[in-house]
Amino acid sequence: FGSCSPIHPSFYHAAEESGGQLFFVPPADAYEIAGVIDFTSGGSAVDVLSIAGDLAPGATSFDVPIDSTMTRATFSVSGAEDVLVTRPDGSAVVPGDLGVSAIELSSVRIYTIDSPDPGTWSVTIGAGAGRFSLSVLGDSPFAVTALDFVETRGRPQHEGDFPLPGEPSP
């Protein structure tokens with residue numbers, strides 16, 4: 001709050017590398033920061049999508065897959081004022097809709113949807129200049145906790161998948 005100088009690039013880097021998100025909030029919106037923390041933490045949250053970059057001269061859309069195991073989805077955009085979240089049926093998410101909680105600050109938009117419909121959702125970020133970040137979290141009992149590269153080995157009719165003894169070759 002209250003910084004009169006540009007944000008140091010190391011803050012962007014730390015947020016992007018850790019799956020975090022920078023929120024640019026003026027002092028007048030400081031009281032809302034507790035709501036931001038509530039919306040983006042807790043539960044059995046799994047990362048669905050995380051993107052950071054520069055705003056484009058035109059609107060940019062991102063597809064977001066939501067599956068039937070998700071009981072809640074949180075769409076969080078920082079650094080952009082013009083944000084549209086669209087359901088799989090093409091209808092826009094609007095604050096005040098049944099099952100929708102929203103925080104809309106000067107350059108932060110967070111929408112939490114209870115019982116989201118499965119399918120491909122869309123987040124459209126309007127034109128602008130500067131950095132933005134988009135994070136989508138879902139509450140789900142399923143999460144990828146490990147990933148191994150495997151190869152099929154074994155004698156005929158008794159093959160199986162075994163971890164590679166190192167990194168896969170290109």
Side-chain angles (χ1 to χ4, degrees), residues 1-67 69-140 143:
F1 299 108
S3 173
C4 60
S5 61
I7 303 297
H8 194 276
S10 63
F11 288 111
Y12 290 107
H13 181 74
E16 290 169 11
E17 293 297 317
S18 67
Q21 203 170 11
L22 289 177
F23 293 106
F24 303 97
V25 183
D29 291 337
Y31 68 94
E32 293 280 356
I33 204 69
V36 170
I37 293 168
D38 287 344
F39 276 30
T40 59
S41 64
S44 52
V46 294
D47 291 321
V48 177
L49 179 68
S50 182
I51 296 174
D54 294 316
L55 292 169
T60 306
S61 292
F62 302 94
D63 288 340
V64 181
I66 300 292
D67 69 32
T69 67
M70 289 190 200
T71 57
R72 183 170 86 159
T74 299
F75 298 79
S76 174
V77 179
S78 179
E81 294 179 22
D82 185 14
V83 175
L84 175 66
V85 177
T86 308
R87 294 178 177 85
D89 67 6
S91 65
V93 171
V94 178
D97 283 352
L98 184 64
V100 174
S101 301
I103 292 179
E104 296 182 320
L105 304 175
S106 56
S107 64
V108 174
R109 302 288 186 269
I110 301 175
Y111 304 99
T112 296
I113 294 91
D114 294 326
S115 303
D117 293 331
T120 302
W121 290 61
S122 177
V123 178
T124 302
I125 299 175
R131 305 275 304 159
F132 81 93
S133 62
L134 164 63
S135 173
V136 181
L137 302 174
D139 282 355
S140 175

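Just so it is clear, the model here is predicted, and its values are computed rather than measured.
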Asker: Would you give the length of the straight line joining atom CD of Glu81 to atom CD1 of Ile125, rounded to the nearest 0.5 angstrom?
Answerer: 12.5 Å
Asker: To the nearest 0.5 Å, how far apart are OG1 in Thr71 and CD1 in Ile113?
Answerer: 12.0 Å
Asker: Measure the CG-OG distance between Leu49 and Ser135 for me, rounded to the nearest 0.5 Å.
Answerer: 8.0 Å
Asker: So which heavy atom on Gly138 is nearest to which on Met70, and how close?
Answerer: CA-SD, 3.8 Å
Asker: Hydrogens and angles aside, do Thr112 and Thr74 bring a side-chain donor and acceptor to less than 3.5 Å of each other?
Answerer: yes
Asker: Contact between Thr86 and Val93 at the side-chain level, heavy atoms closer than 4.5 Å - yes or no?
Answerer: no
Asker: Minimum heavy-atom separation for Pro116 to Ile66, with atom names?
Answerer: CG-CG2, 3.9 Å
Asker: Which heavy atom of Pro118 sits nearest a heavy atom of Pro88, and at what distance?
Answerer: O-CG, 3.8 Å
Asker: Looking at every non-hydrogen atom in both residues, tell me the closest pair between Leu55 and Gly126 and how far apart they are.
Answerer: CD2-O, 4.1 Å
Asker: Do the side chains of Ser76 and Ile110 get nearer than 4.5 Å, heavy atoms only?
Answerer: yes
Asker: Output all residues satisfying side-chain contact (heavy atoms from CB on, under 4.5 Å) with Ser61, sequence neighbours left out; order by chain, then residue number.
Answerer: Ser122, Thr124
Asker: Out of curiosity, Leu134 CG to Thr60 OG1, how far, rounded to the nearest 0.5 Å?
Answerer: 11.0 Å
Asker: Which pairs with one or both residues in residues 105-121 pass salt bridge (charged side-chain N to carboxylate O under 4.0 Å, His left out), sequence neighbours excluded?
Answerer: none
Asker: Grab the two heavy atoms, one from Val85 and one from Trp121, that are nearest each other, plus how far apart they are.
Answerer: CG1-CE3, 4.1 Å
Asker: Find out whether Val77 and Tyr111 are in side-chain contact, i.e. whether some heavy atom of one side chain is under 4.5 Å from a heavy atom of the other.
Answerer: no
